[in-house]
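Heads up: numbering here begins at 1 and tracks the sequence.
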Amino acid sequence: MAEFLNGRIVLLATFGLILFLLPHTIALKEGDCEVCVKAVNMFVESLSDETKKDTKRIEDEFRGFCKKAKNKEQRFCYYLGGMEDSATGILGELSKPISWSMPAEKICEKLKKKDAQICDLRYDKQIDLNNVDLKKLKVRDLKKILSDWDEECDGCLEKTDFIKRIEELKHKYVKTEL
């Protein structure tokens with residue numbers, strides 16, 4: 001009998017520990033879901049107060065938001081079903097919490113439970129153009145700089161062409177400190 005009770009106590013203690021730790025494994029940590037949180041905040045700020053209360057209008061507005069999205073935000077839209085070529089659609093998991101005025105962090109926690117890929121999205125580290133030697137960067141990084149600036153490099157074939165174009169545009173996009 002004592003062995004049976006000890007087994008139950010261990011089982012209950014284990015179950016209690018799991019219940020205690022479960023919210024901590026689901027809750028977002030600092031830096032988690034950075035793309036989700038930023039995209040949701042940007043999207044919510046773009047909505048009118050009237051639109052924020054209607055889930056159907058929120059979903060329609062999100063699809064419009066996704067048409068203009070680029071890079072990581074576009075990928076985020078794809079995961080939620082905001083893109084025409086999205087394989088799945090969990091827009092209801094976004095629109096309902098927004099209509100309840102739930103904070104972006106909590107919305108992203110809920111989305112993480114549905115699809116963990118959403119929180120795997122991370123922003124690329126920004127290159128400090130004031131202190132970097134462009135010649136040491138890869139062409140891929142040079143192209144990304146131009147892409148982030150929404151600039152093109154027509155006729156660029158060599159690395160030096162990309163560097164030259166960045167140098168031409170640098171004054172427009174990079175602030176120099178005095």
Side-chain angles (χ1 to χ4, degrees), residues 28-48 51-52 55-95 97-98 103-105 107-112 114-178:
L28 296 181
K29 295 169 186 65
E30 186 69 33
D32 263 1
C33 290
E34 63 181 328
V35 173
C36 177
V37 171
K38 183 177 178 192
V40 169
N41 279 328
M42 281 185 343
F43 173 63
V44 170
E45 287 172 13
S46 73
L47 296 173
S48 68
T51 304
K52 289 179 185 175
T55 57
K56 177 73 174 121
R57 287 180 63 189
I58 291 171
E59 291 175 17
D60 291 341
E61 290 286 327
F62 187 73
R63 287 187 189 93
F65 171 82
C66 289
K67 288 180 182 174
K68 295 177 265 175
K70 293 172 26 180
N71 302 327
K72 302 294 180 174
E73 287 86 6
Q74 187 177 38
R75 195 65 166 154
F76 171 72
C77 287
Y78 176 81
Y79 290 151
L80 286 183
M83 306 292 288
E84 289 181 18
D85 62 343
S86 294
T88 60
I90 55 172
L91 284 180
E93 301 296 325
L94 174 73
S95 62
I98 288 174
E105 291 79 9
I107 293 172
C108 292
E109 270 181 35
K110 289 177 146 302
L111 292 172
K112 182 179 181 179
K114 293 288 180 184
D115 187 354
Q117 296 180 93
I118 291 169
C119 285
D120 290 340
L121 289 170
R122 301 251 187 270
Y123 288 111
D124 299 327
K125 292 180 182 171
Q126 295 298 313
I127 298 169
D128 181 8
L129 290 170
N130 289 323
N131 299 319
V132 73
D133 182 1
L134 294 175
K135 294 175 189 151
K136 292 184 179 180
L137 294 178
K138 295 179 178 180
V139 172
R140 173 185 62 207
D141 295 327
L142 298 171
K143 286 180 177 180
K144 183 177 179 337
I145 291 168
L146 291 170
S147 173
D148 289 347
W149 291 346
D150 288 329
E151 294 287 349
E152 306 253 337
C153 192
D154 295 328
C156 291
L157 299 173
E158 308 266 332
K159 184 176 184 174
T160 54
D161 298 332
F162 289 101
I163 292 171
K164 183 179 175 190
R165 181 71 175 145
I166 289 171
E167 291 295 345
E168 289 171 0
L169 296 167
K170 198 174 184 179
H171 72 280
K172 190 173 169 183
Y173 296 99
V174 179
K175 293 181 176 119
T176 55
E177 294 187 26
L178 300 174

Participant: Rounded to the nearest 0.5 Å, what separates atom CG in Leu134 from atom CD1 in Ile145?
Facilitator: 6.0 Å
Participant: If you take all heavy atoms of Leu129 and Lys170, which pair is closest and at what distance?
Facilitator: O-NZ, 3.0 Å
Participant: May I have the step-by-step check of disulfide (SG to SG under 2.5 Å) for Cys33 and Cys108, ending in yes or no?
Facilitator: CA-CA 7 Å; Cys33 290; Cys108 292; 5.3 Å; no
Participant: Tell me if the NZ atom of Lys52 is crowded by more than 12 foreign heavy atoms within 6.0 Å.
Facilitator: yes
Participant: Is the NZ or CZ atom of Lys38 positioned over Tyr123's six-membered ring, under 6.0 angstrom from the centre and within 45° of the axis?
Facilitator: yes
Participant: What's the shortest heavy-atom distance between Glu34 and Leu121, and which atoms?
Facilitator: CG-O, 4.1 Å
Participant: Which heavy-atom pair separates Glu105 from Val37 by the least distance, and what is that distance?
Facilitator: OE2-CG1, 3.7 Å
Participant: When you measure from the side chain of Lys159 to the backbone N and O of Lys135, does any donor-acceptor pair fall under 3.5 Å?
Facilitator: yes
Participant: If I compare all heavy atoms of Arg165 with all of Cys153, which pair ends up nearest, and what's the gap?
Facilitator: CB-SG, 3.6 Å
Participant: How many angstroms lie between CG in Leu142 and CD1 in Ile166, if you round to the nearest 0.5 Å?
Facilitator: 4.5 Å
Participant: With rounding to the nearest 0.5 angstrom, report the CD1 to NZ distance, Ile163 to Lys136.
Facilitator: 12.0 Å
Participant: Is there a donor in the side chain of Glu84 and an acceptor in the side chain of Tyr78, or the other way round, less than 3.5 Å apart?
Facilitator: no
Participant: Which atom names give the shortest non-hydrogen contact between Ala39 and Phe65, and what distance separates them?
Facilitator: O-CZ, 3.9 Å
Participant: Report the C-alpha separation of Phe62 and Ile98 in whole Å, then their side-chain angles, then the decisive distance to 0.1 Å, and conclude whether the side chain to side chain contact (heavy atoms under 4.5 Å, CB included) test is met.
Facilitator: CA-CA 11 Å; Phe62 187 73; Ile98 288 174; over 6 Å; no
Participant: Using atom types as modelled and distance alone, determine if a side-chain donor or acceptor of Asp161 lies under 3.5 Å from a backbone N or O of Glu158.
Facilitator: yes
Participant: Quick check for you: to the nearest 0.5 Å, what is the distance between Lys72 atom NZ and Cys77 atom SG?
Facilitator: 14.0 Å
Participant: Between atom CD1 of Ile118 and atom OH of Tyr79, what is the distance when rounded to the nearest 0.5 Å?
Facilitator: 8.5 Å
Participant: If you round to the nearest 0.5 Å, how far is NZ of Lys68 from OG of Ser46?
Facilitator: 7.0 Å
Participant: If you apply the rule salt bridge (charged side-chain N to carboxylate O under 4.0 Å, His left out), what do you find for Asp60 with Arg63, and how did you get there?
Facilitator: CA-CA 5 Å; Asp60 291 341; Arg63 287 187 189 93; 3.3 Å; yes
Participant: Specify the closest pair of heavy atoms between Val40 and Ala104, including all atoms of both residues, with the distance to one decimal.
Facilitator: CG1-CB, 3.7 Å
Participant: Are the side chain of Ser95 and the backbone N or O of Leu91 linked by a donor-acceptor pair below 3.5 Å?
Facilitator: yes
Participant: Step by step, work out the side chain to side chain contact (heavy atoms under 4.5 Å, CB included) result for Glu61 and Thr51.
Facilitator: CA-CA 9 Å; Glu61 290 286 327; Thr51 304; 3.8 Å; yes
Participant: Which label fits Trp149 and Tyr173: parallel for a plane angle under 30°, tilted from 30 to 60°, or perpendicular past 60°?
Facilitator: parallel
